[in-house]
Amino acid sequence: MARILITSAIPYINGIKHLGTLVGSQLPSDVYARYCRARGHEVMHICATDEHGTPAELAAAKAGMPVAEFCAMMWQKQADLAQGFALGFDHFGRSSSQRNHRLTQHFAGRLADAGLIAEVDEKMVYSPADGRFLPDRYVEGTCPNCGYEGARGDQCENCTKQLDPTELIDPRSAVSGATDLEVRETKHLHLRQSALADQLETWIDRQTDWPILTTSIAKKWLKDGDGLRDRGITRDLDWGIPVKRGDQDWPGMEGKVFYVWFDAPIEYIAATAEWADAHGRPDADWERWWRTDKGAKDVRYVQFMGKDNVPFHALSFPATIIGSGEPWKLVDYIKSFNFLNYQGGQFSTSKGRGVFQDQALEILPADYWRWWLMANAPETSDSEFTWAAFQAGVNKDLADVLGNFISRVTKFCRSKFGETVPKGGSYGTAEAEVIAELTARTATYQAHMDAIELRKAAAELRAIWVAGNEYLQAAAPWAVFKTDPDAAAATVRFALNLIRLYAALSAPFIPGAAASIAGALDIDVPDWPDDINAALSALIPGHGFTTPEVLFAKITDDQREAWEEQFAGQ
RNA sequence: GGGCCUGUAGCUCAAUUGGUUAGAGCAGAGCGCUCAUAACGCUUUGGUUGGGGGUUCGAGUCCCUCCGGGCCUACCA
């Protein structure tokens with residue numbers, strides 16, 4: 001048994017997320033966590049909301065709510081959605097927690113003590129009308145290069161030229177449209193990542209088994225231009241973690257907060273502490289996951305995220321950990337994902353284009369989404385959600401292959417033998433062949449899951465389901481029954497045991513359906529089968545079951561067309 | 001502009017890292033079955049691996065070049 005710490009990239013607080021954010025972090029981390037638990041490993045599965053930053057403040061203002069209240073509300077929504085998708089986090093924390101405040105301030109203090117924090121005077125755009133400093137991106141104006149009027153202060157969308165907000169012609173606040181902008185001097189803390197670049201590079205170079213996507217992004221940042229740059233870790237905002245040096249005030253930094261990308265990854269640690277708090281457990285119980293001097297030496301730490309998050313997880317957060325000089329657990333494997341597109345374009349929050357998590361759960365059960373999204377996960381390149389592909393995949397895999405197998409077996413059994421596992425006959429060569437095949441396939445399935453190759457794992461699981469139909473078709477108990485009811489009984493008994501096996505093997509991907517299947521068989525979701533041969537004799541003659549209703553209703557053409565229309569956006 | 005990724009059957013993806021005849025699923029065609037959600041099984045059609053050039057005994061894989069798609073580019077997160 002191993003101990004596995006799993007974190008999902010923490011979703012930002014400012015709205016309901018679409019399916020694209022689910023597919024690259026929370027969903028795969030849950031599938032992997034469920035699998036690891038099923039294999040008997042001790043798992044700590046952590047997620048949280050990322051609550052700080054300018055967009056959160058603006059979203060709260062737009063909603064007419066104090067930002068703390070807004071975040072609390074949105075946290076509850078996201079927590080409910082996570083539950084709706086059956087995301088089994090041990091704790092779903094908040095980056096605004098007091099635990100994270102203290103830990104973030106602690107790390108900043110340690111980094112400062114190690115000489116890894118620089119105080120830098122910067123010039124930033126200030127908007128008196130808004131009463132705030134504006135991030136580059138929130139300053140808009142006319143591009144000096146191409147004349148595009150909607151250019152942002154960091155880059156012109158039209159000609160892609162990178163800009164400084166002071167270069168814009170007729171600059172205005174993207175928040176209020178105010179034009180009386182001024183440049184003010186303000187002091188900020190920078191994390192001296194450049195001083196840690198060599199250590200980080202050595203560490204990255206050792207990660208030969210990481211996805212190419214992960215290491216290539218990390219190396220790009222390490223090598224680009226003059227190498228890894230220092231990074232501002234503070235902001236002039238009201239909402240956030242006050243800048244402190246450990247528990248001491250930080251002279252000159254009054255009224256400033258840490259930047260979200262400094263405090264957000266630290267929340268992984270803090271959320272684990274929140275978990276301990278929530279369960280009345282001592283600090284030692286969370287520290288054994290995070291402190292290599294307190295029991296975390298044997299922990300394997302796996303992170304899940306979309307590719308946009310890689311630099312922060314592969315470089316900035318490790319810089320924080322390494323720079324602290326304390327024995328915190330460093331990530332062992334970073335699983336990164338490409339993006340999911342929607343019907344030939346991007347998901348768009350602003351245009352209402354694509355399916356959002358709350359809508360998805362309103363129209364279909366979580367397992368439909370879980371299955372299709374993971375079976376088509378963007379592991380090697382961006383992948384595409386289309387309603388046609390979704391409909392075909394769900395109908396074929398879940399309804400026809402798995403659901404129908406369960407229907408045909410249980411209904412045939414009910415009509416010929418009643419709703420109990422029939423006795424009589426015995427397993428022969430046909431069953432032995434299936435056992436051999438499934439033993440091999442289960443090993444392959446496990447190998448893919450161990451490697452976190454979820455797409456391949458899903459394909460193998462599907463092949464395991466198909467094997468049931470092949471077996472049944474060849475054994476043809478409906479024909480055999482007429483001359484040899486005992487032989488037919490043995491076939492049905494074996495098939496019912498296959499259903500039981502499928503409940504166990506399918507649970508990481510479709511936990512809801514796995515529970516329904518187990519419920520119909522009047523059992524709990526079985527333990528992971530270490531021995532397929534034994535597992536396929538677990539249901540003994542006389543064991544009662546209930547013929548389930550249709551497990552997976554098919555998506556009709558009418559539904560598909562209606563949804564295509566509904567989610568097309570502007 | 002720079003960097004990285006990507007292009008394989010009508011569609012979605014594989015191909016043990018340069019090694020036999022490039023494989024699966026879906027869609028299509030044919031046959032079988034009738035237990036089942038008009039489901040299942042078997043067979044089968046379909047590829048000049050984006051174009052061109054090169055290295056090699058051998059290239060989907062390596063190199064060059066052109067074309068297409070995508071992402072990142074450090075103050076959105």
Side-chain angles (χ1 to χ4, degrees), chain A residues 9-14 21 50 52-56 58 122 124-125 133-139 152-155 159-162 164-165 174 188 193 212-213 215-217 219-221 223-225 228-232 235-236 259-261 264 306-312 315-316 338-339 341 344 346 375-384 386 388-389 392-393 395-416 455-456 458-459 462-463 466 468-479 481 488 491-492 495 549-554:
Chain A
I10 65 180
Y12 197 62
I13 194 73
N14 67 340
T21 56
D50 176 14
H52 299 132
T54 307
L58 297 180
E122 299 180 358
M124 294 217 31
V125 175
F133 283 93
L134 295 175
D136 290 357
R137 171 170 295 236
Y138 284 96
V139 182
R152 290 191 317 232
D154 56 340
Q155 186 171 31
C159 68
T160 73
K161 183 178 170 60
Q162 286 181 53
D164 186 278
H188 282 297
Q193 298 186 136
I212 291 171
L213 187 63
T215 49
S216 68
I217 292 172
K219 285 176 182 172
K220 151 78 170 153
W221 280 53
K223 295 290 186 189
D224 193 40
L228 188 62
R229 289 180 235 167
D230 296 343
R231 187 170 193 114
R235 291 290 183 274
D236 288 290
Y259 175 42
V260 281
W261 269 114
K307 58 185 165 185
D308 52 331
N309 277 336
V310 168
F312 305 101
L315 298 170
S316 300
N338 286 281
F339 290 151
N341 291 318
Q346 296 186 332
N376 297 278
E379 286 179 311
T380 52
S381 66
D382 290 358
S383 68
E384 181 112 353
T386 66
N395 286 356
K396 196 70 199 172
D397 298 346
L398 295 183
D400 293 347
V401 175
L402 177 60
N404 182 56
F405 176 70
I406 293 163
S407 286
R408 63 196 297 209
V409 170
T410 52
K411 287 181 180 170
F412 179 75
C413 183
R414 181 174 61 183
S415 74
K416 302 301 185 210
R455 204 170 178 138
K456 290 178 181 172
R462 186 188 188 283
V466 167
N469 282 314
E470 290 172 346
Y471 164 75
L472 205 62
Q473 200 67 32
W478 48 88
F481 181 79
T491 297
V492 170
E549 294 306 308
V550 168
L551 270 171
F552 303 99
K554 290 195 191 188

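Below, read A as the first sequence line, B as the second, and so on, with proteins coming before strands; counting in each chain starts at 1. No hydrogens, no waters, no symmetry mates; every other heavy atom, side chains included, goes into these values.
Comparing the C1' positions of B/rC11 and B/rG47 gives an interatomic distance of 14 Å, to the nearest angstrom.
Within the structure, a side-chain polar atom (N or O) of A/Arg462 is placed less than 4.0 Å from OP1 or OP2 of B/rC26. Here A/Lys554 reaches the OP1 or OP2 of B/rA39: one of its side-chain N or O atoms lies under 4.0 Å away. Side-chain N/O atoms of A/Lys411 include one lying less than 4.0 angstrom from OP1 or OP2 on B/rU37. Between A/Arg231 and B/rC75, a side-chain N or O to OP1/OP2 separation shorter than 4.0 Å is present. In this model, the phosphate group of B/rC76 is approached by a side-chain N or O of A/Arg137 to a distance below 4.0 Å at OP1 or OP2. Look at A/Lys456 and you'll find a side-chain N or O under 4.0 angstrom from OP1 or OP2 of B/rA15. Within the structure, a side-chain polar atom (N or O) of A/Tyr259 is placed less than 4.0 Å from OP1 or OP2 of B/rA77. A sub-4.0 Å separation between OP1 or OP2 of B/rA38 and a side-chain N or O of A/Lys396 is absent.
The shortest non-hydrogen separation linking A/Arg229 to A/Gln193 is O-NE2, 2.8 Å. Closest approach of A/Asn469 and A/Arg408 over heavy atoms only: OD1-NH1, 2.8 Å.
For A/Phe412 and B/rC35, the ring-to-base geometry does not satisfy the stacking test (centroid distance below 5.5 Å, interplanar angle below 30°).
Nucleotide B/rG32 forms a Watson-Crick or G-U wobble pair with B/rC40, both donor-acceptor distances falling under 3.5 Å. Nucleotide B/rG1 is matched to B/rU73 when pairs are restricted to Watson-Crick or G-U wobble geometry with both distances under 3.5 angstrom. Base pairing annotation: B/rC13 forms a Watson-Crick or G-U wobble pair with B/rG23, both donor-acceptor distances under 3.5 Å.
Distance, A/Ile217 CD1 to B/rG70 C1': 12 Å, rounded to whole Å.
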